[in-house]
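Throughout, protein chains are lettered first and strands after them, A, B, ... in sequence-line order, and every chain is numbered starting at 1.
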Number of protein chains: 2
Amino acid sequence: MRKILVIGSGKSSSYLIKYLLEKSITEDLLIIVGDINFTHAKKLIGDHENAQAILLDVFDKHSRQEAIQNADIVVSMLPARFHIEVAKDCITFNKNMVTASYISPEMQALDKAAKDKGLVFMNEIGVDPGIDHMSAMQVIDKIREKGGEMILFESFTGGLVAPESDNNLWNYKFTWNPRNVVLAGQGGAGKFLQESTYKYIPYNRLFRRTEFLEIEGYGRFEGYANRDSLKYQSVYGLDSIKTLYRGTMRRVGFSRAWNVFVQLGMTDDSYTIDDSENMSYRDFVNAFLPYSPTDSVELKFRHALKIDQDDVVWDKYLELDLFSRTKMVELKKATPAQILQKILMDSWTLDPEDKDMIVMYHKFGYALNGKTYQIDATMVTLGEDQTYTAMAKTVGLPVAIATLAILNEKITTPGVQIPITKEVYTPILKELEDYGIIFKEKEVPYLGYNPLHV
Amino acid sequence: MRKILVIGSGKSSSYLIKYLLEKSITEDLLIIVGDINFTHAKKLIGDHENAQAILLDVFDKHSRQEAIQNADIVVSMLPARFHIEVAKDCITFNKNMVTASYISPEMQALDKAAKDKGLVFMNEIGVDPGIDHMSAMQVIDKIREKGGEMILFESFTGGLVAPESDNNLWNYKFTWNPRNVVLAGQGGAGKFLQESTYKYIPYNRLFRRTEFLEIEGYGRFEGYANRDSLKYQSVYGLDSIKTLYRGTMRRVGFSRAWNVFVQLGMTDDSYTIDDSENMSYRDFVNAFLPYSPTDSVELKFRHALKIDQDDVVWDKYLELDLFSRTKMVELKKATPAQILQKILMDSWTLDPEDKDMIVMYHKFGYALNGKTYQIDATMVTLGEDQTYTAMAKTVGLPVAIATLAILNEKITTPGVQIPITKEVYTPILKELEDYGIIFKEKEVPYLGYNPLHV
């Protein structure tokens, strides 16, 4: 039997392991799931005969190396910062490796060693990054093959709550790490290209520079800019493109309401509030508003943010109990961001029966024989339950399919890489369709921005 | 003759040296001015017989130590980060030392050594910090002596242009380091106390949470919060105070107009703009606004910032030539903050005949026998010309007076310290009055915030 070592049995491993177990008989596989939490690993494999759970502490060099040496290929589903020791061992013991994470500089540094040894180190093959790379490159390559020149590429991904579970005013629940949601957009201005001009958006305006996106059958969404939309410009071969924008999707109205937290300073994670433990939610809000002996926190809030008395955004804040005198922060020496996260988790935590949803929207603008065209491609995946979520499915399935393809020597080009070549994306996107991860493409009039075609 | 070594002959040393030269005959002083720029040092002393200019590179250990050993007291007017080697030498060679800078952790670490050797290391004895410490503590001590309890302290300082030279729409010119003005308020939320409640202001709201201040004969000013208003709470003995606020003064309207730069992201110093060299001022502004094939940069700017067509703030931007197609940025790979600074320096640089102004405003609220009172103290100092500026006067004179007082053993308490004791501030404030640096105090109704006295 060929042995696949999966390190990490967290949220995103469920679908990955399910897929590999399903293939294990016909493909003659033994799936070894290693985790520091043995019960967790055990739970995901059940009593499947082609699977084995092992206790694996990735910081224990001996047991880590033993497990890697014993495998034919290694999948690391650990948090991104823990991949590197695994990767170095894979070089040492001549093992191919797969991760769903962004390539770190340390990982990139292993490129030559991997190539010298003929090893495939596949990264960024989850959902975002992952499915976005593959689905974008498939269309871009198709446009190029027919002689088209790419002039616009916009790409949006969102992790949201499924329509059937979408029952709050923000149309949002935490389907992934809440902390990342609270801190989203911080750490530098958003940068993108619009009609050959570099554009910059500071954090305090990020959530007010959104655009609308419509997905048939799912209604309207909005997108705000990622920090660096130009990250993959060269990688995708788009050096001479005019418009390049990558963003995050939310339901319409989320960003405008969220912006109020940004404006007040509630998403700041850089300092702690002394007496946070004993604050009510109302006290927390009041800490960002001027003192008044007579005016209510509500009116000061409306006044500071210029919220009219008949603006429906108001109900979003009420729904969060933001002005509650009785709900307490309870966190000691917490940052504003930590406190806000706590308040949001009261309202935005998934109920046991809730399902999540992954949405993706690409726009491809191109010129061909002096005319302009546009293809829009959209994808929606719904979760099944809270183990087999849309997030786990869209992250885990491409990882699993790639792992098997590498093991079966269908993907052989060595080096530290991401899935942007035909060799990789064609079979994977095709197989993903069997699991309902399908991109719908349609020709639309070229969006462009410039009626004069300057 | 007693030898005073002044290291650094920059902008703020002119008045300091002038004072010491004037005293040099009666006090039997030799003033040695050391600078890496010998001509500069020479210029400030002229051909005064009790003065000597030396070439001094503070990084050259040998010549630095020789100069320090040869002196009876050392004044360092270097940028704050260069004091520490001088200070260590002063410990080694048993010399008292004076600086106008904030006490760094490295400087504070010398406290025990200074005390052990009986040395006075006086710091923060310029204008802000310096005159603010002394003038505040004088009133606070007076209130305490009559049994009053401090309940409110607000303190504002501003470096502005003198009324006679105040001829632009911002009522502002650069009288000190322009870079600090562009970056003012960055690096963390403003924190202060208002009626016993901690209040926080994020950078993006700092310039919209101002308060007005009136100085008789000089009209109205506005103040915005410093980053940490609580820095001196314990040092001033104000641990149980209800309201504590420190701020920066500008002329009315400056902050609202400045806020637009903050909102657009033009004060960001964390990234560079690729093609900045070839941008016009208009291109620079446009980089922060959405692309449009038809709309003007002006209208996009007004729309993004919600500036009505009849809002007079608009003229402030026109005055800066912010929308010029012909004025070029010319700086290579510059940050937004560097570009903005360049644009502002076109308009806000002092003309040769321009004079500057230092303003200070303190509010002291206190309770005495069950009643509340308030004393407001204000100070205005005008510059004489571009060498003998108000800034140089208010920084240099207290440093000079303190230096002589230490030399004459009128200030003797050893250790790394700031001027908050009576021993120090009483004679210095008194002598400053002879030079026109005078605080006007007046009793006003207690400002407070809470009519219910909660």
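Neither the backbone nor the side chain of B/Asp275 has a heavy atom closer than 4.5 Å to any heavy atom of chain A.
Once rounded to the nearest 0.5 Å, the distance linking OG of B/Ser196 with OH of A/Tyr291 reads 8.5 Å. Here the CD atom belonging to A/Gln263 is positioned 6.0 Å from the CD atom belonging to B/Gln263, to the nearest 0.5 angstrom. Within the model, atoms CE of A/Met279 and OG1 of B/Thr197 stand 8.5 Å from one another, a figure rounded to the nearest 0.5 Å. To the nearest 0.5 Å, atom OH of residue A/Tyr200 and atom CG of residue B/Leu264 are 14.5 Å apart.
Among A/Asp274, A/Ile201, A/Asp268, A/Val262, the residue making the largest number of heavy-atom pairs under 4.5 Å with chain B is A/Asp274.
When the heavy atoms of residues 281-290 of chain A are compared with those of chain B, the residues falling under 4.5 Å are A/Asn286, A/Ala287, A/Phe288, A/Leu289, A/Pro290, listed by number.
Side-chain contact between A/Lys191 and B/Ile273: absent, with no pair of heavy atoms (C-beta onward) separated by less than 4.5 Å.
For residues 301-310 of chain A, the set of pairs meeting the side chain to side chain donor-acceptor pair (under 3.5 Å) definition, not counting sequence neighbours, is empty.
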